Amino acid sequence: MLKREIDKTFVMRIVSEEKWYPATVPGSVYGDLLANGAMEDPYWKDNELKALEIMKEDFEYVGVFDGNETILNQEKVYLHFNGIDTLADIYLNNSNLGSVNNMHREWEFDVTDIIRQNGNELRILFHSPTRYIEEEYQKEKIGGTEDAMRGFSKLRKAHCMFGWDWGPRLPDAGIWREIYLIGVTGARFNSVTVTQRHEQEGVYLGFKVLLDRIRDNSLIDWEKYEKELKEEGFSLRITVTDLTDESCRTVRLFHGKTDEILIENPRLWWPNGYGEQNLYAVLVQLLKHDEEIDSWEKRIGLRTLTVLRTRDEFGESFAHEVNGITFFAMGADYIPEDCILSRCNEKRTRDLLNQCREANFNVIRVWGGGHYPYDSFWDICDELGLVVWQDFMFACANYDLTEEFEENIRRELIDNIRRIRHHPSLGLWCGNNEMEMFADAGIWESTPRHKADYIKLYEYIIPKILKEEDPQTFYWPASPSSGGSFDNPNDENRGDVHYWDVWHGNKPITEYRKFYFRYVSEFGFQSFPSLKTVETFTEEEDRNVFSYVMEKHQRNSTANGKIMNYMEQTFLYPGDFDTLLYASQLLQAEAIRYGVEHFRRNRGRCMGAIVWQLNDCWPVASWSSIDYCERWKALHYYEKRFFAPLMISCEEEGILTQDPNPNAQPYEVMKSIRLCVSNERRKDERVTAIWELRKNTGEIVRSSQEEYMIPKLSSLWFEKVSLQEASLYEDYVSYQMEQDGEIVSQGTVLFCPPKHYHFIDPELSVRSEGDSLVVTAKAYARSVEIRNKKDDLVLSDNYFDMNPGERRVKILKGLPEELTVRSVYNIR
Ligand code: BMA
């Protein structure tokens, strides 16, 4: 098979208008209109509304390309689209090739008799996605989350493009992935599956190969027809190369299913934090009379990776198991990177995922309301050791399981499973986001049939496809689920949980400590992005969190009020807009820290904390830890600390978020600390744990220092220490863990809410020294933030607590120009 991206120049237009514009392919309608100055920035103020109007139109793309001579000389020629978004009719040289209706699929058309050597005209007519879902919704009402436009589940297009509780209604469209010209003579690969069997003597690789044979247009299983294929002159050659040492290479002619390739002394692939990310290249060549006619080349990693579910005293465990060890999942939920599809690219994805590794993530969950990430996302996750929890693209909606829909999604699933299944980072497939829970509750215009269809789709059709296409990857019917069949999907003692009582339920953050979930795949807390990011979509007069523009960039109803509600429980009233933004980020970071440290302290019972959410698709107030402009919110620095493989934390007792006038009499506040070290390393670690009870000046009142051996892959609680003598409003505890004289993890706790604590002005100052910044504090300082004028610094640490003295951090990105520094003392 020969494959070339078509060499093309495209133009596009809005069909109701005459004017043609130059267009970029792959790209998108919004991308092209913006590049041609034909629309305004949809992220500025409330421009989203105008941009949404545009999507009521139809669009036409016309491209002219030459055929490649060698490809045109093959028996069959195909035009292959890696992705078209979404409703379109396709014409080549005025012949109608067909119509497409699923953004998540690949499409291929036989153009052998239509293609010519020069000047082929490809014309694609896109139909309005918003008109379509509206019309379909009128025909039959079918429901989903009210954050998105009605009828969104009628179209196989990323749901969040129609709006979400963090996303605008900007359903971009277009030729969003590459177009290839393909030539085939004799046969080509239809599918290659690599399986692994890990044994004492090494790893056995097995292969399942399906071919498309041109002569009779048939799909042939190599296994079954090997004899016949060989008589026709076909053979298969497999080469496995160890990419860590390319001289380790196995080359073999392949003879059917029982013929496995043994890799001795395998270099295993491990998630981030547990070992190396070793990769192997697998090349499968289809030969005819010893000449290559097609090839399949992918990188794989040798590992076993599944989810372990074991009945125990609490219910049933849920934990990733890699190469025989279970590990604690730490990471966040990933959403599409940009509403304007043409702005997504490999560099941005790599930057984002690097920040995940930088913050000690080992897992990332691709949430089901977006689209399946592209190949580069997977390559990067393989390299960085990020295990991917991949939802299929179904979220918060009912679907009409007609025969046509079933066939459409069957093709969609097969396309994506085949594209992704060989990646070592693929941790599990998950049926959908939140639909077991919602179908069970019968919400969103659902009928009894929708509930029955739920079971058919996620518990029959999808598992059956996976059995055929990817039998070795773990499948989980929904997130959250306890295993399926509407058996209490969000059970705290089984399976994964979405916990939203803190935030959506308005419960105080202390609630997290009441639960011992087995694996929290979603829990989150919103914050505002920082001022520089807010400036990208507002004018001066909009910079008040309750303004029209700020509320346009807040898609979770009443959430700005919610932030203020939690603010009231925690901090003094912030005196200005910028301080409020800062305080909101600290609220978020503290809330999630409070949860994750507790979950990690209970390692074993709980085995995963995946934070909602990692990123934003436009500038907005949201649950993200990195905002649209790639600025780290306080949470991302906190994540780096509380996801550290070796982490010390403190379960304190005090008045944490209550009011100071309790009814109960007599009322004595219990003050104590209990330290715990969580060790995600694969070896026991000797550490020194130190704590100090200090006055707000920093003066030490009482302290302790002890050595401990922390067993590998476990959490070790220390004895509870009563500190009843501590002053409620004027003392704090600082704690740290050291190894070889270096501090590896540290923090502080108060016994009262920060709003009531008597902070002394720490008179913070910061100076730069080479590639470092040095902060000086004269008293206890909490959540110390360092910024430069552009607010584009990434530091080795930020938003940290300090005892009086100096603290040095490394500059990882940005320049130390016009530095400012502040802490919780400044929230007033
Ligand atoms: C979850 C997600 C999203 C949503 C988020 C915040 O339940 O699955 O649908 O954006 O909560 O509300």
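Counting starts at 1 for both ligands and their atoms, following the listed order. All of these numbers come straight from a predicted model, not from anything done at the bench.
Remark: aromatic rings of Trp623 and Phe525 are distant, center separation not under 6.0 Å. Taking the centre of each ring, Tyr334 and Phe377 come in below the 6.0 Å mark.
When each atom of ligand 1 is checked for a heavy atom of Asn433 under 4.0 Å away, the hits are 8 (O), 9 (O). In summary, the atoms of ligand 1 found under 4.0 Å from a heavy atom of Trp164, numbered by their order in the structure, are 3 (C), 4 (C), 9 (O), 10 (O). Taking every heavy atom of Trp367 and a limit of under 4.0 angstrom, the matching atoms of ligand 1 come to 2 (C), 3 (C), 8 (O), 9 (O). Atoms of ligand 1 found under 4.0 Å from any heavy atom of Trp500, numbered from 1 in the order shown, are 1 (C), 5 (C), 6 (C), 7 (O), 11 (O). Every atom of ligand 1 with a heavy atom of His504 under 4.0 Å away is listed here by number and element: 6 (C), 12 (O). Every atom of ligand 1 with a heavy atom of Glu522 under 4.0 Å away is listed here by number and element: 1 (C), 2 (C), 7 (O), 8 (O), 11 (O).
Side-chain polar atoms of Asn556 and Trp503 form a donor-acceptor pair below 3.5 angstrom. Looking at Asn408 and Asn102, their side chains do bring a donor and an acceptor atom within 3.5 Å of each other.
Between Asp627 and Lys633, no side-chain nitrogen of the basic residue sits less than 4.0 Å from a carboxylate oxygen of the acidic one, so the salt-bridge criterion is not met.
Under the 30°/60° scheme for interplanar angles, the aromatic rings of Phe318 and Phe474 are found to stand perpendicular.
In this structure, the protein non-hydrogen atom closest to atom 10 (O) of ligand 1 is Asp165 OD1, 2.5 Å. Remark: minimum distance from atom 7 (O) of ligand 1 to any protein heavy atom is reached at Glu434 OE2, 2.3 Å.
Trp612 pairs in a ring-ring contact (aromatic ring centres under 6.0 Å, His included) with only one of the listed residues (Trp164, Tyr499, Trp367, Phe523), which is Trp367.
No N or O atom of Trp623 sits closer than 3.5 Å to an N or O atom of ligand 1.
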